[in-house]
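Only one structure is covered here, and it is reproduced in the block below.
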4 protein chains.
Amino acid sequence: MPKRVDRAAKREAILEAAVRVFARKGFAASRTEDIAAEAGIAKGSVYLYFDSRDAVLEGVFAAYAERAGRVLASLGDGPPLERLSALIRGTLGMLAEHPDHARVLVDLWSTAAPLDMAALYRDYREMIGELLEEAGEELRPGIGRAHAVVIVAAIEGCLVQWLVDPGLDLPALAGPVIDVCVEGIRA
Amino acid sequence: MPKRVDRAAKREAILEAAVRVFARKGFAASRTEDIAAEAGIAKGSVYLYFDSRDAVLEGVFAAYAERAGRVLASLGDGPPLERLSALIRGTLGMLAEHPDHARVLVDLWSTAAPLDMAALYRDYREMIGELLEEAGEELRPGIGRAHAVVIVAAIEGCLVQWLVDPGLDLPALAGPVIDVCVEGIRA
Amino acid sequence: MPKRVDRAAKREAILEAAVRVFARKGFAASRTEDIAAEAGIAKGSVYLYFDSRDAVLEGVFAAYAERAGRVLASLGDGPPLERLSALIRGTLGMLAEHPDHARVLVDLWSTAAPLDMAALYRDYREMIGELLEEAGEELRPGIGRAHAVVIVAAIEGCLVQWLVDPGLDLPALAGPVIDVCVEGIRA
Amino acid sequence: MPKRVDRAAKREAILEAAVRVFARKGFAASRTEDIAAEAGIAKGSVYLYFDSRDAVLEGVFAAYAERAGRVLASLGDGPPLERLSALIRGTLGMLAEHPDHARVLVDLWSTAAPLDMAALYRDYREMIGELLEEAGEELRPGIGRAHAVVIVAAIEGCLVQWLVDPGLDLPALAGPVIDVCVEGIRA
DNA sequence: TATGAATGAGGCTTCATTCAT
DNA sequence: GATGAATGAAGCCTCATTCAT
């Protein structure tokens, strides 16, 4: 009669605890023991669900990537620039709603680990590039796929400034970003 | 008083070595010894010029802040939107020319240390806000100081994407950024 | 009382699994879990049959001691030097047939545990000493009980060399050992 | 003005401390801290001279191998069987004089580490084989190189019994061993 | 009886910092 | 000033053992 434990759920719980800890102290300063304590388990138990402290960070990344993917997938099928605005609002809103994840993102950027952040942003640009392509005539001449990088940048750059200066109102920044990045490229 | 000069020069040399090391391995993974080795001195000697490993990071931040300040100070006195374009080009160019400093910047973001990153970006936005104000009539209605954050974001966000995916051509991104952030806000 | 029998059989099975594991990785590197896995049971179940990991090693020792005793007991009643040769052949053959037990023997030597290895070898020498005594006139003058230690040594020393260099053909070493240790002491 | 330290001497001192500790508790039970304490230094300092705990064991092995080599090298050039007796006496004497090293030898046997014990014993047998060859006519017919293994075995086997039962008088065992292994093979 | 998740003490190792030279 | 050997606190991880199921 084996003890019944929902491994996936427990893993998830640890991951959530880890995000809170990472957000509070940064990954570098977060001890395995901190994570365990936050999750309400013993230090050693973390290793029943993750191979190493780094693996926890990877798990956090995966969770973030999945969440980001869900935002992109939920844009509906309105006009492309409408969807672009929704994407900007959705992303900034999601980040603001999960400030812990957002805070950890910066650690992920600077982690050499094999997290393939590059692919994540490549996909991101790809997706926005598609929207721009689709927008076609609606855009000023000269604006196209190549400008996806700027839109991604505006979003991530807002994130950076918010993290560095939590006084900023992140969701409220969606307005100015849309003013510039959506209205500014309309024909 | 040559002693004083020597001290300052040595400090500077260590700082430069530190930047290279931080850029290579990230701050978290950089050992005092690595910095010393890169600077061609003994481990213990680092402590003759800095109080601690963290103090070195602070020194690096100060150097970065100064360099960034110099870019802002060198914009000349053309028309405001001209100066804005110059600022974008100058900043991205400066970052690309000093990839080591740029790489370290991300570590600085995620460092809890008392580096007052917030002030740096506040000044940055302030400065751009001023330009926007000055541009006045040249801008689309509704565009103003509040949009400085987007311009800073676009720049820093390009930096992020470049760091995460060094395949990107950072200076070349100045074009699209200007298309969106300068041309896009013109009346 | 089938329960009792089952218990003993299970204990035996675990012991056999343990020997295989110890032989493979050495006692120090063998985990309780390895033993359990090899025995096809759960980690915790080992503790239903043994008090501790060390107790398993003690059990293995007891099993070895018993097996060695059986060899000694099976020498028949031919002439003493005949029996000595048989003992040498039997022991080396037994070790070669149970390489796992042999391998573990070395771990037992270096284990401080309360295994009374000393008594085992004392008995061993005692027994061979008896044979030598019995051989009496057949031996060169000056050879006697005191040389039992050399015969035991020759056997165990072959074991050592074989363990350290499995390329050696252990049973084939019986010939040279007998040449020296039996023929060499004959009058 | 660098602090002057004789690295080799310090390494040696740590090695000697390690041998004492290993002999006392066995390698498996010896903690890095024990070694450091025995050497009168701090735990971390061990790592200034060795890469790891295992590396210390390897160092001990190397020291043993060297000492054993020195015994072999000091046999002079008397008649071969004379030299064989000297080798037996020398080896058992050396082991008895360095009981700590001897005790550690057993740990070395059972260590999977890349210590090439096999080569050590191969050389050992080789050397004795040479002596036997050289003895030629002096030996009983049928005795030759192939019996080197038995002589090595007799020596190591005495060591085993002594380690397991320190009551034995190791140097005194040289007599019986020579009776059997030298006198017993003489023509 | 059997399980295997959980525990937490304890080991190895790293490295910022100190300090004798 | 400069050095680098030494320190020892602290972190990651392992694993024997326990115990709820």
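From a predicted model like this one, the values you see are computed outputs, not experimental measurements. Lettering of chains follows the sequences in order, A, B, ..., and the numbering in each one begins at 1. Heavy atoms only: backbone and side chains are in, while hydrogens, waters and symmetry mates are out.
Between the CZ atom of Phe27(C) and the C1' atom of dC15(F) there is a distance of 13 Å, rounded to whole Å. One atom, CZ of Phe50(D), and another, C1' of dA5(F), lie 15 Å apart when rounded to the nearest Å. Atom pair Arg11(D):CZ and dA5(F):C1' shows a separation of 16 Å (rounding to whole Å applied). Rounded to whole Å, the distance from CD on Glu33(D) to P on dA9(F) is 10 Å. Look at CD1 on Ile14(D): it is 11 Å from C1' on dA5(F), rounded to the nearest Å. Spacing between atom CD1 of Ile35(C) and atom P of dG4(E) amounts to 17 Å, rounded to whole angstrom units.
Side-chain nitrogen and oxygen atoms of Arg53(A) include none within less than 4.0 Å of the OP1 or OP2 phosphate oxygen of dC13(F). Between Arg31(D) and dC12(E) there is a side-chain polar atom (N or O) within less than 4.0 angstrom of OP1 or OP2. At dA16(F), none of the side-chain N or O atoms of Ser52(C) fall inside 4.0 Å of OP1 or OP2 (strictly under the cut-off). At least one side-chain nitrogen or oxygen of Arg7(B) sits closer than 4.0 Å to the OP1 or OP2 atom of dG1(F). Within the 4.0 Å cut-off from OP1 or OP2 of dG11(F), not a single side-chain nitrogen or oxygen of Thr32(A) is found.
Here the side chain of Lys10(A) is nearest to one of dC12(F), dA6(E), dT17(F), namely dA6(E).
DNA chain E is contacted by both Ala29(B) and Ser30(D); Ser30(D) maps to the nucleotide lying nearer its 5′ end (nearest heavy atom per residue).
When the side-chain contact (heavy atoms from CB on, under 4.5 Å) test is applied to Arg67(B), the partners found at least two apart in sequence or on another chain are Arg70(B), Met94(B), His98(B), His101(B). For the salt bridge (Lys or Arg N to Asp or Glu O under 4.0 Å) test, no residue two or more places apart in sequence or in another chain qualifies with Asp100(D). In this view, Val106(D) and Val106(C), Trp109(C), Ser110(C), Trp109(D), Leu163(D) satisfy the side-chain contact (heavy atoms from CB on, under 4.5 Å) rule, not counting sequence neighbours. Considering only residues two or more places apart in sequence or on other chains, Tyr64(B) meets the side chain to side chain donor-acceptor pair (under 3.5 Å) condition with none of them. Asp34(A) is linked by a salt bridge (Lys or Arg N to Asp or Glu O under 4.0 Å) to Lys25(A), counting only residues two or more places apart in sequence or in another chain.
Listed by first and then second residue, the ring-ring contact (aromatic ring centres under 6.0 Å, His included) pairs involving residues 26-48 of chain D are Phe22(D)-Phe27(D) (not counting sequence neighbours). For residues 12-23 of chain D, every residue pair satisfying the salt bridge (Lys or Arg N to Asp or Glu O under 4.0 Å) rule, not counting sequence neighbours, is listed here: Arg20(D)-Glu38(D).
Distance alone, capped at 3.5 Å, is enough to place a donor-acceptor pair between the Arg7(D) side chain and the Leu48(D) backbone.
Interface residues of residues 39-48 of chain C facing DNA chain E, ordered by number: Ile41(C), Ala42(C), Lys43(C), Gly44(C), Ser45(C), Leu48(C); criterion, heavy-atom separation under 4.0 Å.
In this structure, Tyr49(B) reaches the sugar-phosphate backbone alone: every heavy-atom distance under 4.0 Å involves primed, P, OP1 or OP2 atoms, never a base.
With rounding to the nearest 0.5 Å, the separation of CG in Asp51(B) from CD in Glu58(B) is 9.0 Å.
Looking at DNA chain F, the stems built from 3 or more consecutive Watson-Crick or G-U wobble pairs, each pair with its key distances under 3.5 Å, are E:2-21 with F:2-21.
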